[in-house]
Participant: 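A single structure is presented below for examination.
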Amino acid sequence: KAGVTQTPRYLIKTRGQQVTLSCSPISGHRSVSWYQQTPGQGLQFLFEYFSETQRNKGNFPGRFSGRQFSNSRSEMNVSTLELGDSALYLCASSLGDQTGGGGPQHFGDGTRLSIL
Amino acid sequence: GESVGLHLPTLSVQEGDNSIINCAYSNSASDYFIWYKQESGKGPQFIIDIRSNMDKRQGQRVTVLLNKTVKHLSLQIAATQPGDSAVYFCAERNEKLTFGTGTRLTIIP
């Protein structure tokens with residue numbers, strides 16, 4: 001079974017631009033979560049989508065948004081990029097069939113976003 | 001508020017020895033805990049999980065112990081191998097997954 005796939009693996013943008021990251025979950029997984037990983041803040045939860053609806057949201061500004069499609073694939077968008085947005089963005093999928101449960105999350109290898 | 005902490009940021013273990021990585025959590029409402037391993041350039045890899053109605057769970061060479069009284073979680077790795085070198089994260093899940101800061105495990109040949 002294929003794992004979680006994230007594209008692109010690396011991305012370089014400049015301040016003020018916007019970016020869209022893509023995530024294809026494991027087949028059969030309906031929940032997709034996004035995380036930001038930085039050396040200073042560690043792994044921080046952005047949001048979770050289940051059946052095309054945002055189910056949970058972390059403490060990030062509105063510049064960070066996402067969506068999920070009917071095939072469970074998800075995209076994350078960051079607008080008006082700032083230098084501090086440089087990070088590894090990770091996507092994780094799970095069965096997600098119950099809030100707070102739904103089995104372990106399985107991660108992709110992330111998109112490394114660098115802001116110049 | 002939620003916080004998940006690790007007792008040691010780094011741990012060095014001789015190859016073949018057992019290692020124990022510890023984690024403290026603060027949200028007593030969390031009912032599910034997970035250990036992940038992250039190697040350089042890769043995403044976190046699921047190792048083992050445990051629900052709050054259990055106090056021990058074993059996998060292949062790994063054991064997770066949960067002590068709800070003191071809100072403590074540990075990961076034991078038996079007979080460590082060079083491939084076990086990585087950063088290990090504990091995570092607690094209530095409605096969302098909250099990660100600890102990680103412990104870097106180094107296996108000394």
Side-chain angles (χ1 to χ4, degrees), chain A residues 1-7 9-10 21 23-26 29 31-50 53-60 66 87-112, chain B residues 1-10 21 23-54 57 59-60 62 64 66 73 75 86-104:
Chain A
K1 201 182 233 186
V4 177
T5 304
Q6 292 188 247
T7 57
R9 284 299 310 277
Y10 303 93
L21 311 182
C23 173
S24 293
I26 292 172
H29 284 191
S31 168
V32 173
S33 297
W34 289 89
Y35 297 85
Q36 181 195 65
Q37 186 175 32
T38 59
Q41 299 297 318
L43 271 155
Q44 293 192 293
F45 172 76
L46 281 155
F47 29 66
E48 179 195 8
Y49 286 87
F50 179 78
T53 301
Q54 188 179 84
R55 186 157 72 175
N56 274 303
K57 189 177 187 302
N59 299 320
F60 278 81
L88 180 67
Y89 289 89
L90 292 159
C91 166
S93 75
S94 69
L95 291 170
D97 50 344
Q98 52 181 303
T99 301
Q105 293 184 0
H106 296 272
F107 284 80
D109 287 334
T111 294
R112 172 75 60 186
Chain B
E2 288 183 327
S3 69
V4 181
L6 285 153
H7 292 318
L8 291 172
T10 61
I21 302 172
C23 179
Y25 65 95
S26 63
N27 190 343
S28 56
S30 293
D31 63 357
Y32 181 59
F33 303 87
I34 313 173
W35 281 100
Y36 286 93
K37 169 187 179 183
Q38 188 173 24
E39 296 174 282
S40 180
K42 295 187 176 181
Q45 175 188 355
F46 169 78
I47 302 173
I48 192 167
D49 58 0
I50 188 167
R51 298 201 178 274
S52 60
N53 60 355
M54 303 171 68
R57 190 162 188 227
Q60 187 177 14
V62 294
V64 55
L66 175 63
L73 192 67
L75 176 70
V87 177
Y88 289 81
F89 293 96
C90 63
E92 61 177 310
R93 182 161 184 163
N94 189 351
E95 290 190 342
K96 62 181 184 181
L97 210 57
T98 302
F99 282 81
T101 52
T103 292
R104 180 173 297 280

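Basis for what follows: all heavy atoms, side chains included, without hydrogens, waters or symmetry-related copies. In what follows, chains are A, B, ... by sequence order, proteins preceding strands, each numbered from 1.
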Participant: For B/Lys42, does the NZ atom sit with more than 12 other heavy atoms under 6.0 Å from it, leaving out its own atoms?
Facilitator: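 No, NZ of B/Lys42 has 12 or fewer neighbouring heavy atoms, counting only those of other groups under 6.0 Å.
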Participant: Which residue, B/Phe89, B/Phe46, B/Tyr36, forms the ring pair (Phe, Tyr, Trp, His ring centres under 6.0 Å) with A/Phe107?
Facilitator: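 It is B/Tyr36, the one option of B/Phe89, B/Phe46, B/Tyr36 that forms the ring pair (Phe, Tyr, Trp, His ring centres under 6.0 Å) with A/Phe107.
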Participant: Atom OG1 in B/Thr98, atom CD in A/Gln44: separation rounded to 0.5 Å?
Facilitator: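 That separation rounds to 10.0 Å.
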Participant: Report which part of B/Ile34 has an atom under 4.5 Å of a heavy atom belonging to chain A: side chain, backbone, both, or neither.
Facilitator: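 The side chain, not the backbone.
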Participant: So, for B/Gly43 and A/Asp109, which heavy atoms are closest and what is the spacing to 0.1 Å?
Facilitator: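 Minimum heavy-atom separation between B/Gly43 and A/Asp109: N-OD1, 3.0 Å.
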Participant: Of the backbone (N, CA, C, O) and the side chain (C-beta and beyond), which part of A/Arg9 lies under 4.5 Å from a heavy atom of chain B, both, or neither?
Facilitator: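 The side chain, not the backbone.
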Participant: Just wondering, more than 12 heavy atoms not from B/Asn53 lying within 6.0 Å of its CG?
Facilitator: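 More than 12 within 6.0 Å, yes.
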Participant: By a 4.5 Å heavy-atom criterion (distance strictly below it), what part of A/Phe47 contacts chain B: side chain, backbone, both, or neither?
Facilitator: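 Interface part for A/Phe47: neither.
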Participant: If you take all heavy atoms of A/Ser94 and B/Arg93, which pair is closest and at what distance?
Facilitator: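 Looking at all heavy atoms of both residues, the closest pair is OG-NH1, 4.5 Å.
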Participant: Would you indicate whether the side-chain heavy atoms of A/Leu90 and B/Pro44 approach each other to under 4.5 Å?
Facilitator: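 Result yes, sub-4.5 Å side-chain heavy-atom pair found.
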Participant: Looking at every heavy atom in both A/Gln105 and B/Leu97, which two are closest together, and how far apart are they?
Facilitator: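 Closest pair (atom of A/Gln105, atom of B/Leu97, distance): OE1-CD2, 3.5 Å.
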Participant: Considering only heavy atoms, which portion of B/Gln45 lies under 4.5 Å from any heavy atom of chain A: side chain, backbone, both, or neither?
Facilitator: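 Nothing of B/Gln45, per the 4.5 Å heavy-atom cut-off to chain A.
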